[in-house]
Amino acid sequence: MSTLVLLVALLLVLVTAMFVAGLVYIAHRHPAWVAPLTLGLLGAGLVTSVLVPVVIR
């Protein structure tokens, strides 16, 4: 793999982690809305479902 591919993969992982952490933080601040772990996993699944078809192409 080239260095560019590895860098892009690392950035995608970091952006996904920040997105999920933001969702968990919001859910933690407002626990009546939804459970934090459920929302974090839902966010990770959403990002993964969008990125996997792009990466496979």
Please tabulate, for the side chains in residues 41-50, all donor-acceptor contacts under 3.5 angstrom to protein atoms that are two or more places apart in sequence or on a different chain.
unit_1 : atom_1 : unit_2 : atom_2 : d
Thr48  : OG1    : Ala44  : O      : 2.7
Ser49  : OG     : Gly45  : O      : 3.2
Ser49  : OG     : Leu46  : O      : 2.8

With sequence neighbours left out, the residues meeting side chain to side chain contact (heavy atoms under 4.5 Å, CB included) with Thr3 are none
Could you pull out all donor-acceptor pairs under 3.5 Å where a side-chain atom in residues 17-29 meets a protein atom, sequence neighbours excluded?
none

Joining Ile, Leu, Val, Met, Phe, Trp and Tyr whenever any side-chain heavy atoms lie under 4.5 Å apart, the cluster holding Leu14 also takes in Leu10
With sequence neighbours left out, the residues meeting side chain to side chain contact (heavy atoms under 4.5 Å, CB included) with Val15 are none
Students should find that the hydrophobic cluster of Leu7, defined by side-chain heavy atoms under 4.5 Å apart, otherwise consists of Leu11
